[in-house]
Amino acid sequence: MLNFLIFLIFTIYNEKLWTNYLAVDTVLTITGNERIVYVGTSYGILLFDAQKIRYLKTLTKFDGILESLKFVAYDREINSLWLLDKNFLMNYNPFTKKKELFKLNITPKAIGVGKHFLYFIANGDTYQWDKKKKRLLKIEKTKDTTIFWYGEKKKYLPQNFPFLTPYYYMDENLEKYFYKELFLTNRNLWVSANGYGILVFDRITKNLIKIFPFNNRLGKIRKILKFENNLWLIGERCFVKTDSEISKWRFFSLEYNKFYEEKEPLLKYKFLEIFLKKGFSSFANLKNSFAFVSEKNIYLFLEDYKEPIELEVPFEIENLYFLKDTLIILTKEGIYFFDYKNNILSDFSRQPPEAKFGVFSFLPMKEEYYFGVRGGFLIYKNQRWEKVIIPIRDLSIPIRELTNFDNYLITKIDNQIIFFDTKKRFFQFLTKEDGLIGEDIYSIKVDNNKLWISHEKGISLYDLTFLKKKIKK
């Protein structure tokens, strides 16, 4: 058994590596010009191509913007953004990342952008900010006719556009999501629906033409699975079928007595019936067959099933995995196999002592099997076992997820992601200093050279092809 202590930490944030889909409760402001629309949220700023109507990227604290934003306002005169939090005003250029920070002694309820001045409403008073002199003055009233207001004095209200009546979006579950922020481009009207996402209407035809589902459900994804060509995001009461563009993601809200007539395995009646009543603690799938643990039972749904195979085991299960015609059962007592073709349950012979303290994850890589245990993982090859200890402080932490990219084994612990080069035998750590916006990582999955990461602030994708080139240098 060996302990590998060689490890590296990424310390340079590269925005080109990251794609973030934020969990959004409430949109703060929508602003921009005829080319780019900026949507301000508490976690960051969403950028959209206003002409092609597509999502571009997200600006976060790693790009230098303020945290805990209150207002985001575009300034056409200087082609930059004005950002406000509770105490500071920032002028930020989203292209050059140049910024200036100013202390404010007021807490604005509204911000107005004029040609030469900014205007604020705070405690019922009006203030004027000179863009050149960087000076704040209290004034009686504004005479500027170029002001575009955001906040309490915002220029556009849903009631200004009768075709938006009844001023909320209703989903297929008849849930209402009220319109809040609006922004006009030449042809389109951009609207936020609180709790649902960003909607784009054609101002001429009055039709809804695109939806971007940035909503709080993206911060509640606890498991990432892959069926056929699509990744599925699994929440407690919502499944999401992803696509290459977020506007094409499909959200399936789960409710009692509501079942989908879909060919998708996860939307089958029998599975949803069990899931809604009991939930699941672990899940595994192979093509369109899948198995999950609910309470103390294992339910196995084969691709051509009519009824699930139900298996009751006498030990506490940590995780499940498919390996050909066998279901690997990881428990607090060690590793077991279930040959579901012949209905035979057996244990893995000659398990090392570490397995008796719990085995939590499994990954086959070429001729090796990797098993996540406490503080590291076991490698099984040619009927021999090897223990690798991850260089972390707390070696009692269970390794609950394993995925891989090329020769790199990838896992997560709390708020960091760990890469293990299985050939060169060294570790690399990806942390919040490197661009990880979430504090708590729930699940990870590799797909199409991207590492998908779910956390409390949404879903993040990390470009692994760039990482691979960096490691080889």
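Sequential numbering from 1 along the given sequence is applied to the chain's residues. Small disclaimer: the values here were computed from a predicted structure and weren't measured. Below, all heavy atoms of this structure are taken into account, side chains as well, without hydrogens, waters or symmetry copies.
Contacts of K86 classified as side chain to side chain contact (heavy atoms under 4.5 Å, CB included), with partners at least two apart in sequence or in another chain: none. Residues forming a side chain to side chain contact (heavy atoms under 4.5 Å, CB included) with T58 (at least two apart in sequence, or on another chain): N20, L22, L46, Y55, T60. For S42, the side chain to side chain contact (heavy atoms under 4.5 Å, CB included) criterion is met by no residue, not counting sequence neighbours.
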**Q.** L182/L164 under side chain to side chain contact (heavy atoms under 4.5 Å, CB included): CA gap, chis, key distance, verdict
**A.** CA-CA 11 Å; L182 295 88; L164 293 180; 3.7 Å; yes
Q: Starting from the C-alpha separation in whole Å, work towards a yes-or-no answer on side-chain hydrogen bond (donor to acceptor under 3.5 Å, both in side chains) for K424 and N407.
A: CA-CA 9 Å; K424 298 180 181 179; N407 294 316; over 6 Å; no
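Screening F239, W249, F251 for a side chain to side chain contact (heavy atoms under 4.5 Å, CB included) with L233, the sole residue that qualifies is W249. If you run ring pair (Phe, Tyr, Trp, His ring centres under 6.0 Å) between Y380 and each of F371, W385, F362, only W385 comes through. Results of the ring pair (Phe, Tyr, Trp, His ring centres under 6.0 Å) test with F290 over F322, W232, F275, F271 single out F271 as the only residue that passes.
A salt bridge is absent between K445 and E401: the closest approach of a Lys/Arg side-chain nitrogen to an acidic carboxylate oxygen does not fall below 4.0 angstrom. Residues E312 and K296 are not paired through a salt bridge, judged by the lack of any N-O separation under 4.0 Å between the basic side chain and the carboxylate. A salt bridge links K97 with E15: the closest approach of a Lys/Arg side-chain nitrogen to an acidic carboxylate oxygen falls below 4.0 angstrom. Between R425 and E386, at least one side-chain N (NZ, or NE/NH1/NH2) sits under 4.0 Å from a carboxylate O, which counts as a salt bridge. Ion pairing of R222 with E236 is absent here, as no side-chain N (NZ or NE/NH1/NH2) approaches a carboxylate O to less than 4.0 Å.
Crowding of Q383 atom CD: a count of heavy atoms from other residues, nucleotides or ligands under 6.0 Å not exceeding 12. The number of heavy atoms from other shown groups lying within 6.0 Å of CG (N229) does not exceed 12. Counting non-hydrogen atoms of other residues, nucleotides and ligands closer than 6.0 Å to CD of E367 gives a total of 12 or fewer. More than 12 heavy atoms of other residues, nucleotides or ligands shown are found within 6.0 angstrom of NZ on K206. Other residues, nucleotides and ligands place no more than 12 heavy atoms under 6.0 Å from the NZ atom of K70.
A heavy-atom distance below 4.5 Å is not found between the side chains of V240 and I459. Counting heavy atoms from C-beta on, the side chains of V37 and Y74 never come closer than 4.5 Å. Taking the side chain as every heavy atom from C-beta outward, V388 and Y370 never approach each other to under 4.5 Å. Between V39 and F214, the closest side-chain pair of non-hydrogen atoms is not below 4.5 Å. The side-chain heavy atoms of I309 and N343, taken from C-beta on, include no pair separated by under 4.5 Å.
Donor-acceptor pairing under 3.5 Å is recorded for the side chains of E433 and T431. Side-chain contact annotation: D25 with N216, donor-acceptor N/O pair under 3.5 Å present.
A ring-centre distance under 6.0 Å is found for F62 and Y13.
In this structure a side-chain-to-backbone donor-acceptor pair under 3.5 Å is present from K210 to I53.
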